[in-house]
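What follows is one structure encoded as structure tokens, with my remarks underneath.
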There are 2 protein chains.
Amino acid sequence: MNNSQLYKGSLSTVLLKLLKENGRMYGYELTQKVKELTTNEVVLNEGALYPALHKLEADGLLTAEVVPVGNRMRKYYAITPKGQTETESRIAELEEFVKHMQLLLGAKLSLG
Amino acid sequence: MNNSQLYKGSLSTVLLKLLKENGRMYGYELTQKVKELTTNEVVLNEGALYPALHKLEADGLLTAEVVPVGNRMRKYYAITPKGQTETESRIAELEEFVKHMQLLLGAKLSLG
DNA sequence: ATATATACCTAAGTTTGTTATGCATCAATA
DNA sequence: TATTGATGCATAACAAACTTAGGTATATAT
């Protein structure tokens, strides 16, 4: 991520969430999806993205599959069963964080 | 902060916000205020809190004043003029982050 | 006495991200 | 056809921001 647009710790949760929604995705695709969803405001930093994906894979939350497309390689990631439950709890945690920020910042945001 | 209740990078913004609202506060008081505002859900970790306050002071955003209360010392912090503008922009940044999280998580939250 | 709350502090280590690279394919265009 | 920008992956050095795990001391309640 760039320019502190995302806070530390939130990246892997966002990746898991998008993979959960979309079945399977590759790294570059994830960067594009994030840009799209945030109207070009959040641009994932590759130096953070790829190590994060590798860690999620190493932790057994994702599986990776390299697929040739033309002469190029794409590395598709998908959530494992273990990753499913972990995804749920991480999303809940991030939502809690958002709730806490609302309380602490005197939120202009409300439940909708 | 404890148990990833807050995300990395948000702590100093929260401290600035509380100091902005309350004029001047000391470290322990800040931990209590955060607990109070989050109905005991967020407990600041002292190992993060004190270094964060020291850094804000070193960066010229806060001033510190040690005041004896009985036989004990309290270190009161207050925002400097430089800290005022910085506080505004950091709060805005954190609000942006919250907005982005809503977009990425498929928010249950809306503008109110 | 002993535990809990108040009140401050730091050092070692970890996690996570930034910055700066490197390599390669493909499409568009000057 | 040479170059630019997009696609697509990766790592290494560094820095920021924490966690963990202590340390010191006073005050209050049991």
Side-chain angles (χ1 to χ4, degrees), chain A residues 1-16 24-36 40 42-59 61-62 64-77 86 90 93-94 97 100, chain B residues 1-16 24-36 40 42-59 61-62 64-77 86 90 93-94 97 100:
Chain A
M1 63 207 59
N2 245 337
N3 310 335
S4 296
Q5 291 160 331
L6 256 39
Y7 278 67
K8 292 186 181 183
S10 58
L11 175 58
S12 60
T13 303
V14 168
L15 299 178
L16 289 170
R24 65 173 215 170
M25 302 177 79
Y26 54 99
Y28 187 77
E29 190 181 11
L30 285 159
T31 68
Q32 299 310 298
K33 195 66 181 176
V34 166
K35 273 180 67 174
E36 178 198 323
N40 299 316
V42 175
V43 179
L44 294 190
N45 180 346
E46 297 189 352
L49 171 66
Y50 291 112
L53 287 169
H54 300 163
K55 182 169 195 312
L56 289 170
E57 189 189 356
D59 291 346
L61 307 183
L62 299 182
E65 181 193 1
V66 176
V67 176
V69 177
N71 279 353
R72 269 193 230 165
M73 287 302 179
R74 281 181 189 167
K75 198 162 171 183
Y76 279 93
Y77 290 91
E86 182 68 18
R90 290 207 197 183
E93 206 174 72
L94 189 42
F97 170 73
H100 292 147
Chain B
M1 64 205 61
N2 244 339
N3 311 334
S4 295
Q5 292 160 330
L6 256 38
Y7 279 68
K8 293 183 181 185
S10 59
L11 174 59
S12 60
T13 303
V14 168
L15 299 178
L16 288 170
R24 66 174 214 168
M25 301 178 80
Y26 55 99
Y28 187 78
E29 189 182 11
L30 284 158
T31 68
Q32 299 311 298
K33 193 67 180 177
V34 165
K35 275 180 67 175
E36 177 197 323
N40 298 316
V42 176
V43 178
L44 295 190
N45 179 346
E46 297 188 354
L49 171 67
Y50 291 112
L53 287 170
H54 299 164
K55 183 170 194 312
L56 289 170
E57 188 188 357
D59 290 346
L61 307 182
L62 298 182
E65 182 193 3
V66 176
V67 176
V69 176
N71 280 353
R72 269 195 230 162
M73 286 302 179
R74 283 181 186 168
K75 197 163 169 183
Y76 279 93
Y77 290 92
E86 183 67 18
R90 290 208 197 182
E93 205 173 73
L94 190 43
F97 171 73
H100 293 147

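A, B, ... follow the sequence lines: proteins, then strands. Residue 1 opens every chain.
- Counting any heavy atom pair closer than 4.0 Å across all strands shown, B:G27 reaches sugar-phosphate atoms only and no base atom.
- Nearest nucleotide to the A:K75 side chain, out of C:dG17, C:dC8, D:dA10: D:dA10.
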Its contact letters, B for base, S for sugar-phosphate only and - for none at protein heavy atoms under 4.0 Å, make nucleotides 22-30 of chain D read ----BS---
Steps toward side chain to side chain contact (heavy atoms under 4.5 Å, CB included) verdict (A:V14, A:V42): CA-CA 12 Å; A:V14 168; A:V42 175; over 6 Å; no
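- Proximity of A:R90 to A:S12: side-chain heavy atoms (C-beta onward) are separated by under 4.5 Å at one or more points.
- Nearest heavy-atom pair, A:A64 versus A:Y77, reported as atom, atom and distance to 0.1 Å: CB-CE2, 3.6 Å.
- Side-chain proximity of A:N45 to D:dG8, C:dT18, C:dC8: nearest is C:dT18.
- B:N45 contributes a side-chain N or O that, together with a main-chain N or O of B:G47, makes up a donor-acceptor pair within less than 3.5 Å.
- Side-chain nitrogen and oxygen atoms of A:Y50 include at least one within less than 4.0 Å of the OP1 or OP2 phosphate oxygen of D:dC9.
- Sorted by residue number, the members of residues 51-58 of chain B with any non-hydrogen atom under 4.0 Å from DNA chain D read B:K55.
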From CA spacing to verdict: side chain to side chain contact (heavy atoms under 4.5 Å, CB included), A:L62, A:L16: CA-CA 9 Å; A:L62 299 182; A:L16 289 170; 3.9 Å; yes
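- Distance CG/A:L49 to NE2/A:H54: 8.5 Å, rounded to 0.5 Å.
- Distance check, rounded to the nearest 0.5 Å: OH of A:Y26 to CE of A:M73 gives 14.5 Å.
- B:L30 contributes atom CG, which lies 11.5 Å from atom CD of B:E46 (distance to the nearest 0.5 angstrom).
- Between B:Y26 and C:dC8 there is no side-chain N or O to OP1 or OP2 distance below 4.0 Å.
- Using a 4.0 Å heavy-atom cutoff across all strands shown, A:G9 reaches sugar-phosphate atoms only and no base atom.
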